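For reference, the structure is listed below as structure tokens.
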Amino acid sequence: MSNDWLPEAPLIINFALTNKCNFKCKHCYSRNDPDDELDTAGARLCVESLKEAGVLSLNFGGGEPLLRKDLLEIAALAAGLGMTVSMNSNGFRLDRETARTLKTAGFSKVGISLDSPQAEVHDGFRGVPGSFERASNALGYLNEADIGTSISSVICRINYREIEGLIGLARKTKAGQLNFHNFKCTGLGYANKSELDLTPEEWKEFYKAALEARKNTHDLNISLDDPIISSLGESRAGSLVKGSVCGKLSLNIKTNGDITPCGFIPLVIGNILKDDLHQLWASSPVLERLRNKKPTGKCASCSNYEDCLGGCTARALALTGDINSPDPHCWK
Amino acid sequence: MKIFRNPDVMWREETEHKQQALKALADGGEAEEIGASILFLNGTMLTLNLLGTEIWSRCDAIDPDRLVADLSEIFDVDTETLKADVMDFLGELQEKGFIRYEQ
């Protein structure tokens, strides 16, 4: 299949239901976002529009989705319409009973943020004492409720040499998957960049070790979907597109219904309650630019450009103001 | 043995692309490279061409021989070649966890 194949509608939507959060994460991308949220009726209309457009999978984020009182109602609507429903949570409010209600509402998977195998490091990064223990317990409750689980670790200075420890943590908590999310310089992540971000050489060190660990780990699914790993000979099997998936397979919906290519790219292409998603997907000038990036700087002569397409567009935009700039994490 | 789709697979026919493939075939052209549907399971995504889509959409408690017989009524290919292609494709889907065989 040719690489310029584009689905007729996004497959996956990340929907930020609320920006409210009970945590104080140092890298939060939405901490400074506006508080305005769709009400229940608006959120329901949003879900119905997504179904009509053909979206297959809806992932709730934010903010902390469990702070939204109508989460179960909205999730149940999406699941009832045939979409796969999941969310990312810090797990702090996720007890045994909540896990059961999530299952009843139709959640098939919940990702829990855990950034270190050391409780004090995780708690310090997330700004809430006891959060490590609550997150670990949440994974157990989700497993009991027969909901698929994953650990989401934001890779940054506190943990980039903790790969084996994080794998051990995933095994101990019986998480089904371990996601290594690359650090983004958006929101507080931008403000705290010098404290948290790695140098390009350190990113290379991390990815080489993580790819090796993934190759040698057979009892756990390890995900590290960052376009720049293609320069390490990684084929990114299973991905239908090259470069960033944002705007090619997935989109993000903000709390007020505004649609962006991803949660880290603050370019609004429309609003889910005012615009036709199918039409936006097909004709948005922003998406068109993201799907047809032009190599600049060192990318122009790089032999890996065809595979990585300049790496993470969000990082390039955040640090240079130009989506076509080389990914600042790139070590080449 | 019958073939069953893995219920965890998310999938969608790409209506416009499928029409494009059908038109290409009707015009005597090639449609092998046109993705007519998309499958998604645990982070692995597949696009299927027209033949793949027709196979996948029938993988609902169907016997492999019945499947080949059904497809031979749609595609103008000799049965042995069609059967070989279908079995290869089913083997790939099974290996990736998209289908399973059951009594």
Side-chain angles (χ1 to χ4, degrees), chain A residues 1-13 50-59 78-79 81-86 106-109 111 146-150 152 176-180 214 220-225 235-242 245 248-250 278-279 281-282, chain B residues 4-25 27 29-57 59-60 75 85-86 88-100:
Chain A
M1 202 61 58
S2 63
N3 187 51
D4 55 6
W5 187 86
L6 183 73
E8 292 167 9
L11 303 172
I12 303 163
I13 293 288
L50 298 178
K51 175 60 185 175
E52 195 178 323
V55 170
L56 296 176
S57 178
L58 180 57
N59 181 64
L81 290 170
M83 281 183 267
T84 297
V85 178
S86 59
F107 276 90
S108 60
K109 191 170 184 179
D146 196 27
I147 295 175
T149 56
S150 63
S152 294
Q177 186 170 335
L178 176 58
N179 300 314
F180 291 140
R214 183 168 74 174
L220 178 67
N221 183 2
I222 298 176
S223 165
L224 54 160
D225 194 23
S235 67
R236 296 176 74 220
S239 182
L240 288 180
V241 298
K242 294 183 175 176
V245 300
K248 299 172 190 169
L249 300 178
S250 61
H278 196 260
Q279 194 174 359
W281 182 256
Chain B
F4 291 83
R5 285 194 290 266
N6 180 340
D8 293 334
V9 175
M10 295 183 283
W11 64 288
R12 180 177 81 196
E13 279 199 3
E14 299 288 284
T15 315
E16 291 163 24
H17 291 142
K18 188 175 176 183
Q19 290 304 319
Q20 187 188 345
L22 288 168
K23 184 174 185 311
L25 286 181
D27 293 344
E30 290 287 328
E32 202 165 312
E33 291 296 313
I34 300 174
S37 63
I38 186 159
L39 277 54
F40 185 22
L41 176 67
N42 295 332
T44 298
M45 301 181 195
L46 298 176
T47 51
L48 307 184
N49 62 18
L50 203 54
L51 174 59
T53 299
E54 293 298 334
I55 294 171
W56 172 256
S57 63
C59 287
D60 186 16
F75 294 96
D85 286 350
V86 170
D88 278 354
F89 179 66
L90 291 174
E92 186 185 337
L93 288 181
Q94 184 184 21
E95 186 183 318
K96 290 179 172 160
F98 285 76
I99 60 165
R100 66 179 191 276

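Computed from a prediction, not measured in an experiment: that's the story for all the values here. Throughout, protein chains are lettered first and strands after them, A, B, ... in sequence-line order, and every chain is numbered starting at 1.
Atom CZ in B:Arg12 sits 5.0 Å away from atom CG in A:Leu11 (nearest 0.5 Å).
For B:Glu30, there are no salt bridge (Lys or Arg N to Asp or Glu O under 4.0 Å) partners at least two apart in sequence or on another chain. The salt bridge (Lys or Arg N to Asp or Glu O under 4.0 Å) test applied to A:Asp146 returns A:Lys103, not counting sequence neighbours.
If you tally non-hydrogen atom pairs under 4.5 Å between each of A:Gly54, A:Ser108, A:Gly148 and chain B, the highest count goes to A:Gly54.
The parts of A:Ser57 that come within reach of chain B are both its backbone and its side chain, each placing non-hydrogen atoms under 4.5 angstrom from that chain.
Between B:Phe40 and A:Leu249 there is no side-chain heavy-atom pair separated by less than 4.5 Å.
Contact between A:Leu6 and B:Glu14 at its shortest, heavy atoms only, is O-OE1, 4.5 Å. The minimum heavy-atom distance between A:Leu56 and B:Trp11, with the atom names listed, is CD2-O, 3.4 Å.
In this structure, the side chain of A:Glu8 engages the main chain of B:Thr15 through a donor-acceptor pair within 3.5 Å.
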